[in-house]
Amino acid sequence: MVLFLIRATLGISSVSAFSSGNIETPASITKTVARLDKAEDDTTLEDLFEDDSVSAKPQKHFKQTSTWRGFSQFELAHAYDDPEHLSKMRLRSELSNLGQLSQHVKWKISGRIDYDAVYDISNFYPRSVREDQRFEFLLRENYLDISKGDWDFRIGRQHIIWGEMVGLFFADVISAKDMREFVLPDFDILRIPQWAVRTEYSKNDFHADLIWIPFATIDKIGRPGAEFYPLVYPPTATFVDEDRSKRNPANSNYGIRLSQLINGWDISAFYYHSLDASPTFYLVGGTSDQPVFQPRHDKIDQIGWTVTKDLGPAVLKGEFVYTNGRQFNVKRLSQLDGLVHQDVIDYALGIDFHLPADVRMNLQFIQRVFLAYDRDIFADKWENGASILLHGKFWRDFEAQTLLIHSLNRSEFMLRPRLTWNFARNWRMAVGGDMFSGPPTGLFGRFANNDRIYTEFRFSF
């Protein structure tokens, strides 16, 4: 959740956020599962077809190793600004399984079910919103891993995360996201896997990553009238159905990322061509008093780099992304489609400290630069932001965290305090708040009437 980096029509085009979730890479999955079965199974894929007759030479039989894990979580939220209302009563359950077919062939299956009772017990939201967000079954990561020497191949639905900032989405250009709660959920929940073919090569301190996504997965933005629908200005706007017709192999995504460890500096560079996961809102009709928009997805190209350096008491991180092909809405409705092309540079510099009393502090400076600036877009030529994250443990089972993201161009911010109680083995309870302030055309200001308090109960297994 970082400022000025979410795709919308108000001059904002990508998402950044804080997250504590970690996503496994093909290599890490391989190593994890290999450790589970090392003592029991040294078979290869050929063992699946061995001769079991009496005269056959005795061989070790193939034995599958797998482990089930997951969580169930209940989430309750109350929006306290006028009009005050219950905004969430969701039960969310996810189950996953890791296993293997041989020493070099691994697999993962996972799925999630979400049910939000608030859309059954209340008519506060439009019918289309209730139907969209009441119930959902989601395929999560479902893939096959094949490892051979320095090579790893992953085929199927998977997370591919290139970003190296602490919880930021700058260089995480591949992930699609469920934006129906903005950037408020944990990122392991918010990210949507892509159907992809991924090839990784590792040798000493060098790593290469090549991906192809034949059918792009795009962001879920919900329906007009939802609390966090990305376009809320002008308030009289109406919308037609999102255009997803470009999701086909002719518009497939592909990219390459190269990484090298040099004298303690972890440096990577990447190129990514894609159907933009975030929508652009095209002006397709209506009047100046009641414009009509349609969300569409354009092709874009992104070039970037990341750097990480362990300084001992602190960790320095930086990310830089240049994006070509995006369009931004302008104030003048006479503009064709209501859009102008704007190439942008997004970068962030951050430092992570571990302070006394088991306290962690993360500081970040963020900037977006419009290279061919049009004065009628809903942003300044240089958009600046900063964030601070404080996280600490106290007593035995309690953790406190506060995240503040603030614009340096205007009075606009998002504040997120949270208290977590790990009250039993595999159980946790959390209470917190999400508060927004700023102008109605701002990244956070557009949600200024959606301030809320919430609680969560989670059981992991």
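The basis for the numbers below is simple: all heavy atoms, side chains too, and nothing from hydrogens, waters or symmetry mates. Please read all numbers here as calculations on a predicted model, not as lab measurements. Numbering of residues begins at 1 and proceeds along the displayed sequence.
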Enquirer: Among side-chain atoms of Asp397 and Asn422, is any donor-acceptor pair under 3.5 angstrom?
Expert: no
Enquirer: Under a 3.5 Å cutoff, is there a donor and acceptor pairing between the side chains of Asn449 and Asp81?
Expert: no
Enquirer: Give the minimum heavy-atom separation between Thr306 and Trp162, together with the two atoms involved.
Expert: CG2-O, 4.2 Å
Enquirer: Taking the ring centre of each residue, are Phe413 and Phe436 less than 6.0 Å apart?
Expert: no
Enquirer: Does a side chain donor of either Lys108 or Asn97 reach within less than 3.5 Å of an acceptor in the other side chain?
Expert: no
Enquirer: Answer yes if the side chains of Tyr282 and Asp298 hold a donor-acceptor pair under 3.5 Å, and no otherwise.
Expert: yes
Enquirer: Are the ring centres of Phe328 and His341 closer than 6.0 Å?
Expert: no
Enquirer: Do you see a donor-acceptor pair shorter than 3.5 Å between the side chains of Tyr347 and Gln367?
Expert: yes
Enquirer: Check the orientation of Trp427 and Phe423. Use parallel for under 30°, tilted for 30 to 60°, and perpendicular for over 60°.
Expert: tilted
Enquirer: Is the shortest side-chain N to carboxylate O distance from Lys88 to Glu227 below 4.0 Å?
Expert: no
Enquirer: Establish, for the pair Lys393 and Phe398, whether the NZ or CZ atom is under 6.0 angstrom from the six-membered ring centre and no further than 45 degrees off its axis.
Expert: no
Enquirer: Taking Asp116 for its side chain and Met89 for its backbone only, find out whether a donor-acceptor pair lies under 3.5 Å.
Expert: yes
Enquirer: Would you kindly say whether His78 and Glu84 are connected by a side-chain donor-acceptor distance under 3.5 Å?
Expert: yes
Enquirer: Output yes when Asp120 and Arg130 qualify as a salt bridge under the 4.0 Å nitrogen-oxygen rule, no when they do not.
Expert: no
Enquirer: Is it the case that Ser268 and Arg257 place a side-chain donor and acceptor less than 3.5 Å from each other?
Expert: yes
Enquirer: In terms of side-chain geometry, is the basic nitrogen of Arg244 or Glu242 positioned less than 4.0 Å from the acidic oxygen of its partner?
Expert: yes
Enquirer: Could you tell me whether the side chains of Gln401 and Glu399 share a donor-acceptor contact shorter than 3.5 Å?
Expert: no
Enquirer: For Arg90 and Tyr119, test the side chains for any donor-to-acceptor distance below 3.5 angstrom and give the result as yes or no.
Expert: no
Enquirer: Start with the C-alpha gap between Arg410 and Glu412, add the side-chain angles, then the distance that decides, and say whether salt bridge (Lys or Arg N to Asp or Glu O under 4.0 Å) holds.
Expert: CA-CA 6 Å; Arg410 62 190 66 86; Glu412 182 176 12; 3.8 Å; yes
Enquirer: Report the relative orientation of the aromatic rings in Phe182 and Phe228; use parallel for angles under 30°, tilted for 30 to 60°, perpendicular for over 60°.
Expert: parallel
Enquirer: Starting from the C-alpha separation in whole Å, work towards a yes-or-no answer on side-chain contact (heavy atoms from CB on, under 4.5 Å) for Ile161 and Arg191.
Expert: CA-CA 10 Å; Ile161 300 174; Arg191 289 188 178 99; 3.5 Å; yes
Enquirer: Could you tell me whether Asp374 and Arg332 make a salt bridge, using a distance below 4.0 angstrom between a side-chain N and a carboxylate O?
Expert: yes
Enquirer: For the pair Glu200 and Arg198, find out whether any cationic side-chain nitrogen is under 4.0 Å from an anionic carboxylate oxygen.
Expert: yes
Enquirer: Say whether Asn253 and Tyr272, considering side chains only, have a donor N or O and an acceptor N or O under 3.5 Å apart.
Expert: yes
Enquirer: For a salt bridge (Lys or Arg N to Asp or Glu O under 4.0 Å) check, start with the C-alpha distance between Asp376 and Lys331, then their side-chain angles and the critical distance, and finish with the verdict.
Expert: CA-CA 5 Å; Asp376 282 340; Lys331 302 172 185 177; 5.5 Å; no
Enquirer: For Tyr271 and Asp301, test the side chains for any donor-to-acceptor distance below 3.5 angstrom and give the result as yes or no.
Expert: yes
Enquirer: Is it true that Trp212 and Ser252 share a donor-acceptor pair across their side chains at a distance under 3.5 Å?
Expert: yes
Enquirer: Can you check whether Phe320 and Phe170 have ring centres sitting under 6.0 Å from each other?
Expert: no
Enquirer: State plainly whether the residues Arg112 and Glu141 are in salt-bridge range, i.e. N to O under 4.0 Å.
Expert: no
Enquirer: I would like to know whether Glu456 and Arg418 meet salt bridge (Lys or Arg N to Asp or Glu O under 4.0 Å); could you show each step before the answer?
Expert: CA-CA 11 Å; Glu456 297 175 356; Arg418 178 183 173 95; 3.2 Å; yes
Enquirer: Can you tell me how far the OH atom of Tyr201 sits from the OG1 atom of Thr199, to the nearest 0.5 Å?
Expert: 13.5 Å
Enquirer: Do Glu181 and Lys220 sit within salt-bridge range, that is, some charged N less than 4.0 Å from a carboxylate O?
Expert: no
Enquirer: Distance only, no hydrogens: is a donor on one side chain within 3.5 Å (strictly under) of an acceptor on the other, for Ser96 and Ser110?
Expert: no
